[in-house]
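Some notes on the structure that comes next.
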Amino acid sequence: MRILAVDTSTTSCSVAILEKASLLTECTLNREETHAKHLMDMINTTLSMSGHNISDIDGFAVTRGPGSFTGLRIGISTVKGLAAASGRPIVGVSSLEALAFQVSFSPDLICPLLDARRGEVYYSRYRFINGQLKRQIKERVIHPDHAVDDLDEPCLFVGNGALLHKAILMEKLGKLASFAPVIQNTIRASTVAYLSMVKFESDDTNDIGEFQPSYIRKSDAELHLKNL
């Protein structure tokens, strides 16, 4: 199966094509610009470098969130459009799971953290058990200080939220806290593609019409309307 995967959940933008278990091409850009400016060019470049056309793609994968509201909308709407036009299935992948998978070699509890603005983080916890990544708690949004209140074991932190709030995490946990190499804090589309493979193989795909981003919390606009 040939999968085209996209991640736009943070400031980075990544596109990859995976065939079976082999990475054909991958393009990742990390710039403070809207993903709408680069995403289609990156998709076309990735396809061209792989020697394939969009009609050669068997399925599409995309991060469903949590993450940047605008970034998620751009990535998901683009992938939904491509999937609808080509008649191919789509699979959504958690951005936190993708981050955790990139450090799944760790024997410690894995805590992916994504910057949620307002001094908060999106987070969850994972363990690598018997060759599989297992989520331990549901995805949440919270102040980073409270995200580690109940931790009393070694924990590996990964993600831009871990970088941003490293001082807080170290103050709370001391030697129990370790941090992923800098390069692992950027979500790679190849990771998203790999995680989607199991779902594609079991026909556990998402309905294109109903598929929506997983924001975890309400947007500023929604909160403003609620308070009117």
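S106 contributes no side-chain N or O that, together with a main-chain N or O of V103, makes up a donor-acceptor pair within less than 3.5 Å. Although no hydrogens or angles enter the test, the distance criterion places a donor-acceptor pair under 3.5 Å between the side chain of D207 and the main chain of E210. Counting only distance, with no hydrogens or angles, the side chain of T186 and the backbone of I183 share no donor-acceptor pair below 3.5 Å. Between the side chain of T46 and the main chain of M42, a donor-acceptor pair closer than 3.5 Å is present. Listed for the N44 side chain is no donor-acceptor partner under 3.5 Å among the backbone atoms of D41. Looking only at distances, a side-chain donor or acceptor of R88 sits under 3.5 Å from a matching main-chain atom of S55. When atom types are taken as modelled, the side chain of S95 and the backbone of G65 share a donor-acceptor pair closer than 3.5 angstrom. Side chain of N206 to backbone of G92: a donor-acceptor contact under 3.5 angstrom is found. A donor-acceptor pair is defined here as one N or O able to donate and one able to accept, closer than 3.5 Å; no such pair exists between the side chain of T205 and the backbone of F200.
The local environment of OH in Y194 is sparse, with at most 12 non-hydrogen atoms from other residues, nucleotides or ligands closer than 6.0 Å. Atom CE of M49 has 12 or fewer heavy atoms from other residues, nucleotides or ligands within 6.0 Å. For CD of E171, the number of neighbouring non-hydrogen atoms (other residues, nucleotides, ligands) closer than 6.0 Å is 12 at most. Enclosure of atom CE in M170 is not indicated, since only 12 or fewer non-hydrogen atoms of other residues, nucleotides or ligands lie within 6.0 angstrom.
When all heavy atoms are compared, the tightest approach of I216 to R140 is CG2-C, 3.9 Å. Of all heavy-atom pairs spanning L39 and G75, the tightest one is CD2-CA, 4.0 Å. Between I90 and A83, the shortest heavy-atom distance links the atoms CB-CB, 4.5 Å. T191 and A98 get closest at one heavy-atom pair: CG2-O, 3.5 Å. In this structure, A36 and I74 approach most closely via the heavy-atom pair N-CD1, 3.7 Å. Between L156 and D108 the shortest heavy-atom distance is N-CB, 4.4 Å.
Taking the side chain as every heavy atom from C-beta outward, E201 and M1 never approach each other to under 4.5 Å. Side-chain contact between S94 and R64: present, with at least one pair of heavy atoms (C-beta onward) separated by less than 4.5 Å. Put simply, the side chain of L151 reaches to within 4.5 Å of the side chain of R125, judged on heavy atoms. Proximity of I57 to L47: side-chain heavy atoms (C-beta onward) are separated by under 4.5 Å at one or more points. The shortest side-chain heavy-atom distance between P89 and F60 does not fall under the 4.5 Å cut-off. I54 places a side-chain heavy atom less than 4.5 Å from the side chain of L82. Side-chain contact between L99 and F101: absent, with no pair of heavy atoms (C-beta onward) separated by less than 4.5 Å. In this structure the side chain of V141 never reaches within 4.5 angstrom of the side chain of P66, judged on heavy atoms.
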For I168 and K166: C-alpha separation, side-chain torsions, deciding distance, then whether side-chain contact (heavy atoms from CB on, under 4.5 Å) applies. CA-CA 5 Å; I168 293 176; K166 185 174 182 179; over 6 Å; no

If you apply the rule side-chain contact (heavy atoms from CB on, under 4.5 Å), what do you find for L18 with L24, and how did you get there? CA-CA 6 Å; L18 201 71; L24 299 184; over 6 Å; no

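Checked options I187, L96, L113, N185; the residue passing with V158 is N185 (criterion: side-chain contact (heavy atoms from CB on, under 4.5 Å)).
For the residue pair S190 and E26, a side-chain donor N or O sits within less than 3.5 Å of a side-chain acceptor on the partner. Side chains of Q136 and K134: a donor-acceptor N/O pair is absent below 3.5 angstrom, by distance only.
For residues 1-21, every residue pair satisfying the side-chain hydrogen bond (donor to acceptor under 3.5 Å, both in side chains) rule, not counting sequence neighbours, is listed here: R2-E19, R2-H52, D7-S9, D7-T63, T10-S12, T11-N30, S14-T28. Listed by first and then second residue, the ring pair (Phe, Tyr, Trp, His ring centres under 6.0 Å) pairs involving residues 117-162 are H143-H146, F157-F179 (not counting sequence neighbours).
The pair R127-E153 meets the salt-bridge criterion, with a side-chain N (NZ, NE, NH1 or NH2) lying under 4.0 Å from an Asp/Glu carboxylate O.
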